[in-house]
Amino acid sequence: MSLWVDKYRPTSLGKLDFHKEQATQLKNLVQCGDFPHLLVYGPSGAGKKTRIMGLLRELYGVGVEKLRIEHQTIVAPSKKKIEINTIASNYHLEVNPSDAGNQDRVVIQELIKTVAQSQQIQSSTQREFKVVLLTEVDRLTKDAQHALRRTMEKYMATCRLILCSNSTSRVIGPIRSRCLAIRVPLPSTEEVCSVLTSVCKKEGLLLPPELAKRISEKSGRNLRKALLMCEACRVHQYPFSVDQEVPETDWEVYLRETANAVVSQQSPQRLLEVRARLYELLTHCIPPEIIMKGLVRELLNNCDGQLKTEVSHMAAHYEHRLQLGNKAIYHLEAFTAKFMAMYKKFMEDGLDDMMF
Amino acid sequence: MQAFLKGSAVQSVRAQKDKTSSSSSAGAERKTRAVPWVEKYRPKCVDEVAFQEEVVAVLKKSLDGADLPNLLFYGPPGTGKTSTILAAARELYGPQLFRQRVLELNASDERGIQVVREKVKNFAQLTVAGSRPDGKPCPPFKIIILDEADSMTAPAQAALRRTMEKESRTTRFCLICNYISRIIEPLTSRCSKFRFKPLANQIQEERLLSICEKEELKYSRESISALVQVSEGDLRKAITLLQSAARLSMDREITETSVIEIAGVVPPKTIDKLLQVCFRGTFEKLEVVIRELVDDGYAATQILTQLHDAIVEGHLSDKQKSAITEKMAVVGKCLLDGADEYLQLLSLCSLIMHQSNN
Amino acid sequence: MNKLSVRGKAAASRANDWVNSSFSDLVGESCSLPGQTKGLFQKPELKKARKRKVEDYHISSLLNEVVQRDLDEPWVDRYSPSSQDELAVHKKKIEEVENWMNTHSCSSKGGVLLLTGPSGCGKTATVRVLSEELGFRIQEWVNPTNTEPFSMRSQEEWKTNSMFSRPQQAQFQDFLLRANKYSCLRMRGEDGVTDKKLILVEDMPNQFYRQSSSLHDNLRLFMRTSRCPLVFIVSDSLSGDRSSRLLFPKEIQEELDITCISFNPVAPTTMMKVLTRISTQEAGKSCTKTVIPDKKVLEMLCSGSSGDIRSAINSLQFSSLPDTQSLENDLWRMQKDKPLVSKGKAFSKTNQRKKKSKNKKDEEEEQAIGGKDASLFLFRALGKILHCKRGNPDDFEGDDVSTVPVLSTHLSHHHRETLLVNPELVVERSHMSGEFFNLYLHQNYLDFFSEVEDVDRASEYLSDADLFTSNWTHRSIMEDYSSSVATRGLLHSNSQQVSVGFRPLHKPNWLLINKKHRENCLSAQSLFRNFCLTPVSLQTELLPYLAKLTNPMRNQAQITFIQDVGQMRERNYYSRTKLEALTDKEPGQLENEGEEEDKMVKEEDQGGSEEGLPASQPQPTTSQALLEEEELNIEEYDSD
């Protein structure tokens, strides 16, 4: 028994539930025979991966679905061994180069080279090229991106790249201009609702439309999250009721409590407690930038007017530092302290105004 | 993608589906068409080069037998720098000699100091005759094209200057770069410099239309002007986009929305909406709008550039504009460093809101 | 023991050169020496005598033979204490050691004594003096150097034998047992010597530092058969070296009944006494070549050596050489300048001010020639920054107000009194990298602040400091600035300056948390690889929800991981992040761990995160079966 997310994942372009126009365009692209490099971008949970897999199936047939996980060792010019996991079929190879940290350049070059040089086993597939799917391209180092543009040209004859990323902001221009960019937006709330309903129907469950709406709103249009939420709802309570609680992840609840703690009292001692809570979140594998974003969202809900502007400036400022710096805690804490100071001043000013 | 669903004719969705499923077997016959249009429609001779009169004049003179100086072409991408020199070389040498006489190296090739020393030198040292095999006269020198020269390291550039002088009897260099400031002074002083201007909209449009005709595309007038708009004087970009749009829409008309979509540009309407919220809305509304923008997958850098244009041309006072653009610079840098797009945009837009309300 | 003699010879030949080169100096002075009366013509004999001496020194196990005192001998050796009175160690400590030696010499069963303390506080001297007085023969272990020629071993052997460690270790064991069993041969009729014996180990085979358990095994073996006392001498050092604790952990001390006596640095008064004694003795030797430093110099040396008597005597010898005297004076003058200036000012100031200028002088002098860096214990170093001692505004009463620049009114809230500490100096003396010092500060600073506004500023400075060191290529340059910003920022932002009294300090949690974060992320990715998700969505979406689902598909490792990481129960959150208190006088211990992390970071930066999967999770090789299972799963979902 697999998760609903996987179980009801559409397997071909034709079966996709939303952005159908785009699906048709992709089909057109496949039929052109000549296939450019692709850059597929969009937020997490929009179905980029599903779309790409559908595209690959359109290209090669069901063969691409025979996946195997491979553990590859690549020797860098410095004689250093880099181990990386790839997911491959006979026609394509998927790799997350950011797994290799700063050696990503070598990994990409080597992998593409081997793929490009190995002969296509079945000539009946009519495609003279294989596909290398790189995920999280926006986390590639600049070095690797520059190397990539050369590699892209060099092996164009036997190998196509599909790059998958959350945003194109961090992808360098030369790569963007060499690829056909395909934007995959998140599904609208209604689309999420309809997907949820159809999945529940396939499961033989009855999902009240109100609940579906609430789930899709709470998921922030993230389809993966919505499906997981829905399944968690099912575990939590069935038959569904209209006003049943939509389970949130523990860390989100915890983060909200943390934000409330910040708002309710501003003192060095409280900051110390907040720090302990931040540490706790970090040990639970929550990336610091996600913590920062969540914290900002919750804090913004708790303050109003002029303060919001200031908080948003501060958030942007410290989130940027978080990306640059070494030790996330300094910046998370500095942001919290800043907020505390601002909030305290705001409240005191408010009190003063009331007095006079 | 919403834009797509709204903009283009909904009627064709089903029909399209049927067609594609039937024609999937027919895909094989079109295998030969692999040449990118950028290559296909590259100017074949110097006369075809669009919009760069000075260079064309100099090159034509050398075609008529005058000596050719070392060249340095600079200017924004897609203005025809590489095309010009390639076309000129082709005309000078004819198809047979072209391969022997021209060495093209671009940034992706290994181009450290070692390569400059060996490859370039070896190539430069061969002397050549002053006539073609077919008897026509041709200049007694070879051309070395260093594309994207601004990405060469300074030592490599330094190594080049001596070579350049020593081999001046047999070889001409053509350096091509986007930013002349990244070429070391001694090199620039040894070359005659030509700046390539961004192509005028009119000329771009003409080119695109001629390609459309040759490829027998269906297009709308607006889509072509949209192409010109988004490509900002970069003809290569415009042609590539055109080809992509043609591929994606197959036999149907290329629409403005599809062009905008492929270019990754945020629809102007969306930017307008964002600005309206900035000027008149509340912070809560702003949060929602930005959330939507990010959820729709628009790149923050793109939003930033478009916002920039809108603000600079907008109705705000100079002081407000300067405050906002300063913040934009900061945001741009942060985005490059990998900061979160939502937070950065929120910060920027709340500043715009703050400024415009004062 | 054959190695020892080899070493002895080497030492002898070295001594030879020494004698030759400085022989001309001997002319005038040798007459005053008790053993040698002939001057110039004695060269050969002298050589021989030395050679014999050196050999004796080793072979006859360090008996009290240091009768011949050469002029070239370092003063440390020449004036090494010969009786308890001369020892510069506290009477109580000597007594303790004496008692132990007495009790353990009588009983047939030998014990183990561990002497710790900073270097140069007289540990070895105490043992030597006491054993002489009590009639012990000292048998000392000296690390043998390897004498086997390299070429004899093939490449493979090198690897399998893991270098010399094995033989060295084995030799140590042999030595212990043999020294224990056999009494020394009586040579040359040394009748006065009893056969009471004492084994002294100062020099540990290196392997033990890496693998202290083998030392413990040796000791257990020794204890079973021991007949004579065994003394270990381990020096503490400030720079995070915790060898004594590493080699002799508490459990072992208890198990083997090891007595531990720790020495303190030599007290300044005692040191002063010794230095004066030496200088007067030296002065008595009517030789013109040495210039006897005056009392001031002695005081300076005394404070500069921070309780290390060996270094103090060495510096004394050095500073009394005629050539250095002038140099010394120069140095002196430079240093004197400042105190003089402040003295001039001090007339108009209150007493306290004077004291301060004296403090300053002291500080200056500590860096005097030959002096040892006065190190600060981390606890004190942190305290200096966190407690933020500032001058008293009243001190300036007598001062001309106009000379002190005053901040304009809009900046007046930035006004602070003069600092009493120099932050950069504090960091330098803590013997820690700035980065780790910052971590310590960050861990502890909140306790010392009372206002959120101050905390806000302080945390921003810390954030700045981290930003400075973010780029590893510049890190080495920027590190100093970074620590400077952090320390000064903290000092400045603590505007309230309330005295908070004693606060316990803690070790930074961050390293642990960070390690855990990384480990968890890695294992999450390897355990749930078949979901083909990016790390972020895996960790923030899939895992937390998996924890909420009852999905039977997982294997045991996955289930435990989900329960551990995916869920955040409202339990006692602080249990995981228990604080480790930093005790007084504890040197910066994180250094090792820190370096490791640093290295790792650097590796990553250079492009080489080669860090294997952490041990706490199934290794890829062992999870082969799991992989196959995953493959099956994927096919299952595909065929749908």
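Each chain gets a letter, A, B and so on, in the order its sequence line appears, and its residues count up from 1. Only a predicted model underlies this, so the values are computations on that prediction, with no experimental measurement involved. Hydrogens, waters and symmetry mates play no part in the numbers below; they use all other heavy atoms, side chains included.
Separating the OG atom in S258(B) from the CD atom in E21(A) is a distance of 9.0 Å, to the nearest 0.5 Å. Note that OH of Y342(B) is 12.5 Å distant from CD of E319(A), once rounded to the nearest 0.5 Å. For the atom pair NZ of K27(A) and CG of L248(B), the computed distance is 14.5 Å after rounding to the nearest 0.5 Å.
In terms of heavy-atom proximity, Q344(B) sits nearest to A316(A) at NE2-O, 3.2 Å. Of all heavy-atom pairs between R170(A) and L336(B), the closest is CG-O, 4.3 Å.
Annotation: side chain of I182(A) is not in contact with side chain of I262(B) (no heavy-atom distance under 4.5 Å). Proximity of L324(A) to D337(B): side-chain heavy atoms (C-beta onward) are separated by under 4.5 Å at one or more points. Residues P36(A) and R247(B) form a side-chain contact, since some pair of their non-hydrogen atoms from C-beta on lies under 4.5 Å apart. Side-chain contact between E292(B) and R221(A) is present, with heavy atoms from C-beta onward closer than 4.5 Å. The shortest distance between side-chain heavy atoms of V296(A) and L343(B) falls below 4.5 Å. The side-chain heavy atoms of E341(B) and S169(A), taken from C-beta on, include a pair separated by under 4.5 Å.
Between chain A and the residues A299(B), G338(B), S244(B), the most heavy-atom pairs under 4.5 angstrom are made by G338(B). Across Q323(A), E310(A), K142(A), the residue that shares the most heavy-atom pairs under 4.5 angstrom with chain B is Q323(A). For chain B, the option among S167(A), G42(A), P174(A) with the highest count of heavy-atom pairs below 4.5 Å is S167(A). Interface check for chain B: of the options V184(A), V311(A), L300(A), the most heavy-atom pairs under 4.5 Å are formed by L300(A).
Partners of F346(A) by side-chain contact (heavy atoms from CB on, under 4.5 Å), not counting sequence neighbours, listed by chain and number: D304(A), L307(A). Annotation: side-chain hydrogen bond (donor to acceptor under 3.5 Å, both in side chains) contacts of Q320(B) (sequence neighbours excluded): S317(B).
More than 12 heavy atoms of other residues, nucleotides or ligands shown are found within 6.0 angstrom of CZ on R224(A). Around the CD atom of E326(B), the shell of radius 6.0 Å holds no more than 12 heavy atoms that belong to other residues, nucleotides or ligands. Under a cut-off of 6.0 angstrom, the local environment of CD in E216(B) is sparse, with at most 12 non-hydrogen atoms contributed by other residues, nucleotides or ligands.
Of the possible donor and acceptor atoms, none in the side chain of D295(B) sits under 3.5 Å from a partner among the backbone N and O of L186(A). Looking only at distances, no side-chain donor or acceptor of R183(A) sits under 3.5 Å from a matching main-chain atom of Y298(B).
L345(B) does not touch chain A: none of its heavy atoms, backbone or side chain, sits under 4.5 Å away. Interface residue V294(B): only backbone heavy atoms are found under 4.5 Å from chain A. At a 4.5 Å heavy-atom cutoff, L322(A) makes no contact with chain B through either its backbone or its side chain.
Paired with D340(B) under the rule side-chain contact (heavy atoms from CB on, under 4.5 Å), one option of E289(A), M292(A), K293(A) passes, and it is K293(A).
Neither side chain, Q302(B) nor T168(A), offers a donor N or O lying under 3.5 Å from an acceptor on the other. Judged purely by distance below 3.5 Å, without hydrogens or angles, the side chains of H354(B) and T309(A) never pair a donor atom with an acceptor atom. For S350(B) and S312(A), the side-chain atoms include at least one donor-acceptor pair closer than 3.5 Å.
We find that K308(A) and E284(B) are joined by a salt bridge, their nearest charged nitrogen and carboxylate oxygen being less than 4.0 Å apart.
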